[in-house]
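This report refers to the structure that appears directly beneath it.
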Amino acid sequence: MVTVVKRVDLNGIGMTSQRTRERLIQRLVDQGISDLTVLDTLRTTPRHVFLDEAMAHRAYEDTALPIGYQQTLSQPYIVARMTELLLAGGPLHRVLEIGTGSGYQTAVLAQLVERVYSVERIRPLQNKARARLRQLKLYNVHLRHSDGAMGWQEKGPFDGIISTAAPERVPQDLLEQLAPGGRLIIPVGKVEQHLKVICRTEEGFDVETVEAVRFVPLLSGKER
Ligand code: SAH
């Protein structure tokens with residue numbers, strides 16, 4: 001049997017005109033995103049490719065959008081902010097992402113760091129993300145189906161870790177898989193969540209709280 005893969009228009013002419021995209025980038029600048037390489041990457045990464053057809057026309061709005069399985073593609077502002085915070089410590093070689101979801105944040109990272117390792121607990125989301133990343137020819141990404149709270153020990157230590165789902169407490173495994181000088185960007189909390197930047201130093205960990213956020217919860221175990 002031949003599987004026919006539907007071709008997605010990477011440019012998204014029409015509904016996702018260049019003008020609509022520029023408006024989104026301007027909005028990110030207005031909200032304080034200042035890293036030009038991050039802004040440029042968001043400008044050129046087609047977000048509509050990471051959404052199902054019914055949602056694609058909203059791809060360049062600055063909002064989180066549903067991707068099925070009760071999960072969401074993060075708001076562009078938060079993707080930009082977390083990426084900017086991750087890169088603030090200098091060039092990164094190995095980055096771990098918890099929560100591949102649609103693969104959009106993964107795609108952004110893949111263009112800014114040497115290698116991305118991304119873990120997702122819902123298999124069908126992971127499969128879709130893999131196809132989309134391939135379509136964009138992003139080959140420096142490695143995906144794994146597992147519970148991201150355990151990190152990905154065999155591939156660590158990482159000089160950056162980013163979690164796009166919120167645990168109530170920072171998982172110990174993630175701290176342990178952070179290389180010296182490495183940074184962990186993670187939303188933490190249940191009802192009230194805060195974005196934290198945790199840097200591994202010679203002596204221990206420096207924790208900085210950045211801003212209030214709203215993420216889907218980090219759930220334990222993996223789904224089929
Ligand atoms: N970065 C994604 C955001 C998806 S939402 C994007 O750009 O689309 C968060 C994702 O984290 C969801 O796909 C959810 O299934 C996943 N997730 C939640 N808990 C997890 C866990 N313990 N391990 C791995 N992935 C997890």
Where the side chain of Gln126 meets the backbone of Pro124, is there a donor-acceptor pair that is under 3.5 Å apart? no
Kindly give the heavy-atom pair with the smallest separation between Arg81 and Glu211, and that separation in Å. NE-OE2, 3.0 Å
Val49 side chain reached by Gln135 side chain, heavy atoms, under 4.5 Å: yes
Is the backbone of Ala54 close enough, under 3.5 Å, to the side chain of Asp52 for a donor and an acceptor to pair up by distance? no
Can you get from Tyr117 to Leu112 by hopping between Ile, Leu, Val, Met, Phe, Trp and Tyr side chains that sit under 4.5 Å apart? no
Do NZ/NE/NH1/NH2 and the carboxylate oxygens of Arg183 and Asp159 come within less than 4.0 Å? no
Do the side-chain N and O atoms of Thr41 and Gln111 include a donor-acceptor pair separated by under 3.5 angstrom? no
Closest heavy-atom contact between Thr63 and Arg47? O-NH2, 2.9 Å
Look at the side chain of Arg200 and the backbone N and O of Phe205, then say whether any donor-acceptor pair between them is shorter than 3.5 Å. no
Among the clusters formed by ILVMFWY side chains lying less than 4.5 Å apart, do Val95 and Ile198 turn up in the same one? no
Taking C-beta and beyond as the side chain, do His194 and Val213 meet within less than 4.5 Å on heavy atoms? no
Have Glu97 and Ser118 got a donor and an acceptor in their side chains that come within less than 3.5 Å? yes
For Glu154, I'd like to know if atom CD has over 12 heavy atoms of other residues, nucleotides or ligands within 6.0 Å. yes
Given 3.5 Å as the limit, does a donor-acceptor pair link the side chain of Gln177 with the main chain of Met150, or not? yes
Tell me yes or no: between the side chains of Ser146 and Lys222, is some donor less than 3.5 Å from an acceptor? no
Are the side chains of Arg115 and His142 in contact, using a 4.5 Å heavy-atom criterion? yes
Correct closest heavy-atom pair for Ile67 and Ser102 would be CD1-N, 3.5 Å
Would one find more than 12 heavy atoms of other residues, nucleotides or ligands at under 6.0 Å from atom CZ of Arg130? yes
Backbone of Gly221 reached by a side-chain donor or acceptor of Arg121 within 3.5 Å: yes
Enumerate, atom names and distances included, each donor-acceptor pair closer than 3.5 Å involving a side-chain atom of residues 28-38, sequence neighbours excluded.
unit_1, atom_1, unit_2, atom_2, d
Asp30, OD1, Gln26, NE2, 3.0
Gln31, NE2, Arg27, O, 3.4
Gln31, NE2, Asp62, OD2, 2.9
Asp35, OD1, Thr37, N, 2.9
Asp35, OD1, Thr37, OG1, 2.6
Asp35, OD1, Val38, N, 3.2

Closest contact, heavy atoms only, Pro187 versus Pro167: O-CD, 3.0 Å
With heavy-atom distances below 4.5 Å as the criterion, would you say the side chains of Ile161 and Leu178 are in contact? yes
Is a side-chain N or O of Asn140 found less than 3.5 angstrom from the main chain of Glu114, in a donor-acceptor match? yes
Is any NZ, NE, NH1 or NH2 atom of the basic residue among Arg19 and Glu22 found under 4.0 Å from an Asp or Glu carboxylate oxygen of the other? no
Return the minimal non-hydrogen interatomic distance between Leu24 and Glu61, and the atom names on each side. CD1-C, 4.4 Å
Answer whether the closest heavy-atom distance between the side chains of Val79 and Gln75 falls below 4.5 Å. no
Under 4.5 Å between any side-chain heavy atoms of Leu133 and Leu143, yes or no? yes
Nearest heavy-atom contact between Ala165 and Ser163 is O-OG, 2.7 Å
Within the distance-only criterion (no hydrogens, no angle test), does the side chain of Thr100 pair as donor or acceptor with the backbone N or O of Gly103 below 3.5 angstrom? no
Following the transitive rule for hydrophobic clusters with a side-chain heavy-atom cut-off under 4.5 Å over Ile, Leu, Val, Met, Phe, Trp and Tyr, establish whether Ile186 and Ile98 coincide in one cluster. yes
Are Pro171 and Leu218 packed together at the side-chain level, in the sense that at least one heavy-atom pair is separated by less than 4.5 angstrom? yes
I'd like to check Gln172 versus Leu175 (side-chain heavy atoms, cut-off strictly below 4.5 Å). Are they in contact? yes
Would Val188 end up clustered with Phe215 when hydrophobic side chains under 4.5 Å apart are linked, directly or stepwise? no
Does a sphere of radius 6.0 Å around CZ in Arg43 hold more than 12 heavy atoms from other residues, nucleotides or ligands, not counting ones at 6.0 Å or beyond? yes
Between Leu86 and Val170, is there a shared hydrophobic cluster once you connect ILVMFWY residues whose side-chain heavy atoms come closer than 4.5 Å? no
Under the criterion side-chain contact (heavy atoms from CB on, under 4.5 Å), I'd like the reasoning laid out for Tyr60 against His48: C-alpha separation, chi angles, the key distance, then a yes or no. CA-CA 8 Å; Tyr60 300 93; His48 66 277; 2.8 Å; yes
